[in-house]
Amino acid sequence: MKFKMEIYDSLNTPAAPLVRLWILRILVVLGKYKKLIDPHGQTTDEYDALAHAIGIAHWNESAKRLTPRKALIELQRLLTQTAADPASHVTPSPLAQNVHQVASLLGLTDVERRILEFGVLLHSESTLKICSGILEGFGDWQAAPVLSVLLDLPEPEVRAALSTQAILAQSGLITLERDHTYELCNLLELMPGIGGRMLTEEADTLNLFRDAFAPAPVAELALTDYAHIQPDLDILLPYLKHALADAQSGVNIYLHGLPGTGKSQLTRTLARELQAELFNVSTENNEGDPIDGEKRLRALRAAQYVLKSSRALLVFDEAEDVFDDGFSFFGVKSTAQKRKGWINQMLESNSTPCLWLSNAIDGMDPAFMRRFDMVLEMPVPPRSQRERIIAKTCGDLVNAPAIAQLASCDDLAPAIIARAAKVVRAIREETPNQPAAIERLVSGTLVAQGHAPLRLADGLALPSFYHPDYINADANLTALAAGIAHAGCARLCLFGPPGTGKTAYGRWLAERLNKPLHSRRVSDLVSPYVGMTEKNLARAFREAETEQAVFLLDEVDSFLQDRRQARHGWEVTAVNEMLTQMEAFPGLFIASTNLMDGLDPAALRRFDLKVRFDFLRPEQALALLRHHAQALGLNITEPSVETRLRKLTTLTPGDFATVARQARFQPFAHVEALLDALAAECAAKEEGRHPAIGFM
């Protein structure tokens, strides 16, 4: 029987001879030629391109067709001819050079090196990938015998190289998917990004892995910028130094905190102090697409092997990708929980110290958390630290008063101000009012994060003539301040009608004691989510303790309602948390409330002193009137002014502050107009206390 066979060479890459040999072994030795040739001796339409690629065109329809048996004989002849060609056994460069470098770095055997070469070409050569589709329904148990045939290697050695304990799997270079059936190219999964790198010339071996991990940027901050966590650094820094010096395994540190609090910058600062290289496990591939948690774990695994002999630290940012990407409420496990055994083993045996960063730890399995050597929370820096960071970051854009006011925002993380400064500095020539631009940018970010907007003009600042003598309290407030300064700590409950100066006294007391003030309102702490209110309370007390600040909590009655009247379980737990935190707080805690009735009896017992703030006494009201009249340029000449003022028995310092604000847009022509405004404020309070009776 005569026939014509048209020869095509559609494989025009440097790897063509080697790829053609592997394809022919699949067709002939593995007996998959029937997928290529139908019972009538013709190539099938599905694999027509593959037939052309290996040198077989459609059979000449005018001649007598081949039988499948004779077609197999021709394929065997082509395989013998191809195998005899020395070029079919040579790995092309630069793949050969890069594989050699990786093999030297990781200690790969010759069998592992050959499998790695095959894996790279399997995912990069389109013809070989098409041919792998012939091996459909392919399971991991078949991988060793198939690769043994394709690569002409002993099957036991191939099986050992593909085991989960071998370097290929442990390093994440090649992962053998198990428990499912796949096409060959899906069964042998290559570490993300490395395939393309292996086919290009690289002078530095580490660059081959830059899609998995890459050098971190240089540090911009110093250890002095983290003085607010100095007790933690006093443990962390020597521990990492010891771990690097002794090549200690299983070193893992977990850093968590709100976005922008300086976690990434801290890792860079630590690396600089320790004179260690710092590498980030990648969060996105070379195309900018995010990498899922499972692939990032493989990248981490590769980094551990590559860097095991280096003086290096690894950073796994966005650790939520692994530990908190499930939905426990619906029974969906996170990536880490699905691989719990592997994660636990890795945390106990990783060769390179790893710093794990996340914004929150609420959804993390406690079984993982206990395996970290140290868990460190990164709070927003205290006010003193914020002032230094802001001055360093944007001191050329805002003046000293603006820096102080920016630093007064307790929610202002360093990254927020750094980002705003970057934008304004880029457009400073077109932006004459740079402080206002900073304020607008920072406020936008704060609001997006759920915080209050920034206000450079502090409407709550104390007036220049403020003094406790203008407050009608049942305690000597000046003497009280001196006593607290001597004792160092106290728990005060300030109660009384609105506007009587409770919050203002807390601000004055903080200034008098030369301590920062942490002022919180109910809206800052209450959350609609179960358990979050308690966590917010604990964090607020902890932050005040860290900065040695005066902690002022307004409207404390919202947290300390009598538990006997509670209708929901969360109301009881919030009160319990509040009482616990109050009792443990070592500094000055000031609670203010307009409603003393209904407070939990246990809460009242925990306050060292309860001070009542009441309406102004006549002489206090007159003194305040004189100060405000002078500030507004008004003269008090008529004796009737004092007589009329005495009739306003419900005046408070807050009323004077209110009418002073009115004067900004509605100036008072004389003192009588000022008195009219104060009388209106008192009347409004009386009306509110005695609502009208009748039908609506």
Side-chain angles (χ1 to χ4, degrees), residues 214-229 255 257-273 278 280 283-284 288 315 317-318 357 359 378-462 464 516-519 524 543 547 661 664-665:
V218 297
E220 298 176 2
L221 299 179
L223 280 180
T224 53
D225 293 313
Y226 293 94
H228 55 294
I229 57 167
L255 305 178
L258 296 174
T261 49
K263 299 184 291 295
S264 297
Q265 283 290 342
L266 176 60
T267 63
R268 300 166 194 173
T269 303
L270 289 171
R272 183 180 60 195
E273 292 293 321
L278 185 69
N280 289 330
T283 57
E284 60 182 36
V315 174
D317 202 356
E318 307 295 341
L357 314 184
N359 296 331
M378 289 290 296
V380 174
R383 181 169 181 164
S384 57
Q385 289 292 103
R386 291 198 299 271
E387 285 193 9
R388 284 195 288 269
I389 294 172
I390 292 169
K392 181 188 298 185
T393 304
C394 60
D396 58 327
L397 302 174
V398 293
N399 55 24
I403 290 174
Q405 289 182 328
L406 282 167
S408 67
C409 177
D410 294 328
D411 300 312
L412 185 58
I416 299 177
I417 194 68
R419 184 72 61 180
K422 174 185 175 183
V423 173
V424 174
R425 192 170 286 113
I427 59 172
R428 65 189 309 170
E429 298 299 329
E430 297 87 0
T431 311
N433 193 346
Q434 294 162 6
I438 292 283
E439 176 186 355
R440 188 169 186 84
L441 291 170
V442 169
S443 289
T445 302
L446 289 173
V447 171
Q449 291 181 334
H451 305 303
L454 179 67
R455 293 288 183 266
L456 290 186
D458 189 357
L460 296 178
L462 294 172
S464 58
L517 176 70
H518 280 202
S519 180
D524 298 327
E543 290 173 352
E547 195 175 346
R661 292 194 299 271
R664 293 181 300 182
F665 55 85

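These numbers were taken from a predicted model, which means no experiment stands behind them.
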Closest non-hydrogen atom pair, [X] against [Y]:
X: Val380; Y: Leu412; value: CG1-O, 3.5 Å
X: Pro217; Y: Asn280; value: CD-ND2, 4.0 Å
X: Ile416; Y: Gln449; value: CD1-OE1, 3.5 Å
X: Leu255; Y: Lys263; value: O-CD, 3.8 Å
X: Pro453; Y: Val447; value: CB-CG2, 3.8 Å
X: Ala271; Y: Leu278; value: CB-CB, 3.8 Å

- Query: Salt bridge between Asp396 and Arg425, side-chain N to carboxylate O under 4.0 Å?
  - Reply: yes

At what distance, to the nearest 0.5 angstrom, does [atom1] of [X] lie from [atom2] of [Y]?
X: Leu223; Y: Arg272; atom1: CG; atom2: CZ; value: 7.5 Å
X: Thr224; Y: Lys392; atom1: OG1; atom2: NZ; value: 5.5 Å
X: Met378; Y: Ile229; atom1: CE; atom2: CD1; value: 4.5 Å
X: Glu439; Y: Asn433; atom1: CD; atom2: CG; value: 9.0 Å

- Task: Pick out which of Ile403, Val398, Leu441, Leu406 makes a side-chain contact (heavy atoms from CB on, under 4.5 Å) with Ile417.
- Result: Leu406

Are any of the side-chain heavy atoms of [X] and [Y] separated by less than 4.5 Å?
X: Cys394; Y: Val424; value: no
X: Pro379; Y: His228; value: yes
X: Thr269; Y: Asp225; value: no
X: Thr445; Y: Arg419; value: no

Keeping the roles fixed (side chain from [X], backbone from [Y]), state whether a donor-acceptor pair exists under 3.5 Å.
X: Tyr226; Y: Gly262; value: yes
X: Gln265; Y: Glu220; value: yes
X: Thr267; Y: Ser264; value: yes
X: Arg268; Y: Leu221; value: no

